[in-house]
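Written below as structure tokens is the structure these notes are about.
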Amino acid sequence: MDEPGEVGAVKPLPYGRQSLDEADVKAVVEVLESDWLTTGPKVGELEASFAEWVGATAAVAVNSGTAALHAAVFALDIGPGDEVLVPALTFAASANCVLYQGATPVFVDVDSETLLVDPRAVADARTPRTRALVAVDYAGQPCDYDALQAAAPGLPIISDACHAPGAKYKGRAVGTLGDLSTFSLHPVKHFTAGEGGLITTEDPALGEQMRAFRNHGITSDARTRELEGAWYYEMQSLGYNYRLTDFQCALALSQLGKLQSWVTRRRTIAGWYDRTFANAPGISGLTVRDDVEHAYHLYVVKVASPSVRERLFKHLRGEGIGVNVHYIPVHLHPFYRRTMGTSPGLCPIAEEAHERILSLPMFPGMTEGDVRRVADACLSVTSH
Ligand SMILES: *Cc1c(COP(=O)(O)O)cnc(C)c1O
């Protein structure tokens with residue numbers, strides 16, 4: 001495909017990609033050569049460092065962003081008979097975590113300009129059974145948290161911040177804006193452990209509950225028992241094995257040192273895209289409110305119609321440019337249609353948007369030339 005000398009051959013460009021260096025590899029190898037492969041000292045080190053990086057009181061490490069969401073729903077003591085509001089335009093895990101605890105996700109629509117959960121839709125959907133809202137900081141832009149709190153006074157918020165480490169809302173850091181905030185360490189996200197997740201909270205008691213939850217609901221781990229010379233433990237609640245290994249924590253710790261510069265780099269890349277599309281007819285980036293600092297997990301463009309989106313998608317993929325659609329509204333997935341009876345028309349704004357949006361490549365290793373190439377390929381479709 002990428003034969004040397006082949007005329008016009010260019011390297012395929014993924015939509016997202018991790019950045020790893022020698023220091024990351026060394027950090028992992030050091031742990032592999034140590035005594036603790038899991039439930040060792042790197043777990044607490046990652047938790048303390050990430051809490052400090054965010055400016056949160058506590059952080060808990062788990063083995064995926066999905067496990068982080070599950071732990072958050074568990075910590076809020078949500079179960080059968082309870083409802084949790086979830087925006088329709090998100091990754092399925094934002095809603096699946098509610099089902100894991102036997103509760104019911106209730107889908108709410110998004111704002112047409114930002115594609116963030118619409119506070120009016122939240123107010124309309126709240127019932128006496130509503131126990132929480134999952135606020136997804138879509139693409140890396142924080143939700144309007146003040147408006148959400150005003151729309152649903154007293155309703156606990158799980159901030160699904162998997163797209164948004166490093167983002168700010170009115171000067172306040174993502175990771176401190178919800179009762180609990182969840183992050184993912186998947187390679188396509190801002191920093192990685194291969195797989196992994198983190199939850200931040202201002203409530204240390206919730207933190208302790210989630211630490212037990214990731215370890216079968218057992219209230220002390222093997223290392224603590226070994227350090228204390230004790231054998232006794234009790235299972236207090238139904239937990240899972242959601243533990244993150246020490247070598248993964250070491251990788252995340254090493255990556256964390258570079259996270260701020262990567263967030264800055266993502267903003268620079270978004271600025272290049274913004275400038276290209278600012279005066280281009282038929283294609284535009286999503287609206288960014290002026291009270292936020294965006295973290296740009298995704299750079300999402302919107303075009304005039306579903307047929308233009310299909311043409312654009314095919315053209316870019318044909319050019320070796322990795323583009324994706326984020327997301328199929330969760331309530332339109334066959335599983336949700338079948339089990340919850342959801343169907344088109346439930347969240348019309350999300351449904352209309354998902355046929356007109358496309359996520360362009362966005363990762364710190366991109367060059368200005370890469371952005372030019374993607375933008376030119378877009379304009380060659382949308383300007384005709
Ligand atoms: C990535 C992601 C998740 C799940 O994270 P995993 O680490 O892949 O389990 C949840 N919510 C959103 C919005 C995500 O983008």
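First listed ligand is number 1; within each ligand, the first listed atom is number 1.
Protein heavy atom nearest atom 8 (O) of ligand 1, with residue, atom name and distance: Ser184 OG, 4.0 Å. Remark: minimum distance from atom 6 (P) of ligand 1 to any protein heavy atom is reached at Gly65 N, 3.4 Å.
Which parts of ligand 1 touch Leu69 is read off a 4.0 Å heavy-atom cut-off, strictly below it: atoms 10 (C).
Phe50 and Phe191 have parallel rings, their planes meeting at less than 30° on a 0 to 90° scale where 60° marks the start of perpendicular. Relative orientation of the His326 and Tyr15 rings is tilted, given thresholds of 30° and 60° on the angle between their planes. Ring geometry, His163 versus Tyr138: the interplanar angle falls from 30° to 60°, so the pair is classed tilted.
If you check each of Thr66, Leu185, Val134 against atom 9 (O) of ligand 1, the one with the closest non-hydrogen atom is Thr66. Summarising the contacts of atom 12 (C) of ligand 1 with Thr90, Asp160, Val188, Leu298, the nearest heavy atom is found in Asp160. Considering Lys189, Glu195, His70 only, the shortest heavy-atom separation from atom 14 (C) of ligand 1 involves Lys189.
The number of heavy-atom neighbours closer than 6.0 Å to CZ of Arg129, taken from other residues, nucleotides and ligands shown, is 12 or below.
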Pairs under 3.5 angstrom only: tabulate donor-acceptor contacts from the side chains of residues 139-152 to other protein residues two or more places apart or in another chain.
unit_1 : atom_1 : unit_2 : atom_2 : d
Gln141 : OE1    : Arg289 : N      : 2.8
Gln141 : NE2    : Thr287 : O      : 3.1
Asp144 : OD1    : Ala147 : N      : 3.3
Asp144 : OD1    : Tyr169 : OH     : 2.5
Tyr145 : OH     : Asp137 : OD1    : 2.7
Tyr145 : OH     : Asp137 : OD2    : 3.2
Tyr145 : OH     : Ser159 : OG     : 2.7
Asp146 : OD1    : Arg172 : NH1    : 3.4
Asp146 : OD2    : Lys170 : NZ     : 2.8

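Tyr240 has its ring centre no less than 6.0 Å from the ring centre of Tyr100.
Using a 4.0 Å heavy-atom cutoff, Tyr327 is listed among the residues neighbouring ligand 1.
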